Student: 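Pasting a structure here, questions to come.
Along the sequence shown, the residues carry numbers beginning at 1. All of these numbers come straight from a predicted model, not from anything done at the bench. Just so it is clear, the values below take in all heavy atoms, side chains as well, and ignore hydrogens, waters and symmetry mates.
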Amino acid sequence: MTEIPAFKKNLPTQIAVLGGGSWATAIIKILSENNVKIKWWLRRKSDVDFIKKYNHNPSYLTDAPLNPRKVRAYHKMHDALNGVEYVILAVPAAFIPDALKNLNRNHFAGKKIVSAIKGMIPEENMLVTDWMEKVFGVPQNMLAAIAGPCHAEEVALEKQSYLTIASPNLQVAQDYANLMSCRYIQANPIGDLYGVEYCAVIKNIIAMACGITHGLGYGDNFQAVMVSNAMQEIKRFLDIVYPDPYRDLHSSGYLGDLLVTAYSQFSRNRTFGNMIGRGYSVKSAQIEMNMVAEGYYAVKSIHQVNKRYDVSMPIIDAVYNILYEKAIPANEIMTLRTFLK
């Protein structure tokens, strides 16, 4: 085997991060702790210009400084993708097809693609990694996904956090976990890509349900029962859709991610649900939040996928009925109560 020259071993890893939100910003902060060069694509040119001048995101995690020696912002995605080893997708799932519409397979050839998106492609009802494989021909062994529990806001504060990096190629998972590990982040690799992705999608819907019930005046006791029932829903769904005898749903990449999203003050999905429970319309909640709650789109996708499998998922059904069938939240949760144990 050819020995790698010592000077090449010390070269920084070239990474493109696509997306300008809080999670993209947090990922860049984490990666910057290691030997990397980051090419950061943002949709708005004004944000790119601001970052180049002031070295922080003007809209999200504004107190988190960016290292100008390691991070460079781009407005043209082609330029950001040129010459990188990793591409981190951090655009909301609903906007991924539009964001990547001018790209082709050559732009992703030979690159490792890491989804930091906890949602599904609407209309297609596909996981992001499945969609990247279908549309751009990215092989499974070059795909990975990031799971929590890890809120961007706590990353900005450098609070101790844990990440799970999932890929069917454990070497890819381990290599990227090394890049995402630092003094306040511990990242662990696992092989259950699709289980982690589906769990990440569904936990956002559960967080919306928790928010809705909180907005309606239900207390901690009810929410604890609902979250424990939600874990059973997730298990039933995964055991049918993508079974894996080695999957441990009690580990942090599954249960931990669900808990932090269901209970945390930083959870945008819980916040969105809380507004719905208090009487906001979907549109007014979206406008006031000024952030994308992935669970809103995800619940429709999971509902459509489950038509093929007919798994019992009463919490998912309740959220779908409230958000898409205009069911009255109080009445729908009253019905849901009869299914919980």
Side-chain angles (χ1 to χ4, degrees), residues 1-2 4 8-19 23-24 26-28 30-41 80-91 93 96 100 103 105-121 126-150 161-182 185-201 238 242 244 246-248 251-254 257:
M1 187 172 68
T2 304
I4 300 173
K8 286 193 174 182
K9 291 181 181 179
N10 296 322
L11 289 177
T13 303
Q14 304 287 329
I15 303 172
V17 177
L18 310 183
W23 189 218
I27 289 170
I28 287 169
I30 296 167
L31 289 170
S32 297
E33 300 283 346
N34 293 309
N35 185 25
V36 300
K37 289 288 187 182
I38 301 166
K39 302 170 85 171
W40 186 10
W41 174 82
L81 293 174
N82 186 39
V84 300
E85 180 180 351
Y86 291 88
V87 179
I88 316 305
L89 303 175
V91 177
I96 275 283
L100 306 187
L103 303 180
R105 294 186 174 209
N106 292 331
H107 290 103
F108 297 103
K111 296 177 173 69
K112 302 175 184 73
I113 311 302
V114 182
S115 173
I117 303 167
K118 299 179 178 183
M120 297 180 74
I121 306 296
M126 296 179 71
L127 295 172
V128 173
T129 55
D130 278 341
W131 189 82
M132 291 298 295
E133 183 179 7
K134 173 188 173 183
V135 175
F136 295 108
V138 181
Q140 284 189 10
N141 66 357
M142 297 290 274
L143 291 166
I146 305 174
C150 191
S161 301
Y162 292 75
L163 290 171
T164 297
I165 312 300
S167 174
N169 183 339
L170 276 175
Q171 190 60 57
V172 168
Q174 181 65 71
D175 289 346
Y176 188 68
N178 292 341
L179 290 171
M180 292 291 286
S181 296
C182 64
I185 299 289
Q186 179 174 314
N188 302 298
I190 65 171
D192 184 24
L193 175 63
Y194 302 114
V196 161
E197 279 194 280
Y198 268 124
C199 187
V201 169
L238 290 179
Y242 194 77
D244 183 343
Y246 303 106
R247 178 183 294 130
D248 180 9
S251 62
S252 62
Y254 307 93
D257 209 356

Student: Please state whether the rings of Y86 and Y176 are parallel, tilted or perpendicular, taking 30° and 60° as the class boundaries.
Tutor: tilted
Student: To the closest 0.5 Å, what do you measure between CG (L81) and CG (L18)?
Tutor: 5.5 Å
Student: Can you tell me how far the OG1 atom of T129 sits from the NZ atom of K134, to the nearest 0.5 Å?
Tutor: 13.5 Å
Student: About how many Å separate NZ of K111 and CG of L143, when rounded to the nearest 0.5 Å?
Tutor: 14.0 Å
Student: Roughly how far, to the nearest 0.5 Å, is the CZ atom of R105 from the CE atom of M132?
Tutor: 10.5 Å
Student: Strictly distance-based, threshold 3.5 Å: is any side-chain N or O of N34 a donor or acceptor partner for the main-chain N or O of S181?
Tutor: yes
Student: What is the minimum heavy-atom distance between C182 and I30, and which atoms define it?
Tutor: SG-CG2, 4.3 Å
Student: What closest approach, in Å, do T164 and G253 show between heavy atoms, and which atom pair accounts for it?
Tutor: OG1-CA, 3.4 Å
Student: Between K112 and D175, does a salt bridge (charged side-chain N to carboxylate O under 4.0 Å, His left out) hold up when you go through it step by step?
Tutor: CA-CA 10 Å; K112 302 175 184 73; D175 289 346; 5.7 Å; no
Student: Rounded to the nearest 0.5 Å, what separates atom OG1 in T13 from atom NZ in K37?
Tutor: 12.0 Å
Student: Does the side chain of D244 reach to within under 4.5 Å of the side chain of Y194, using non-hydrogen atoms?
Tutor: no
Student: Going from CD1 on I28 to CH2 on W40, what distance comes out if it is rounded to the nearest 0.5 angstrom?
Tutor: 4.0 Å
Student: Do the side chains of I185 and C150 get nearer than 4.5 Å, heavy atoms only?
Tutor: yes
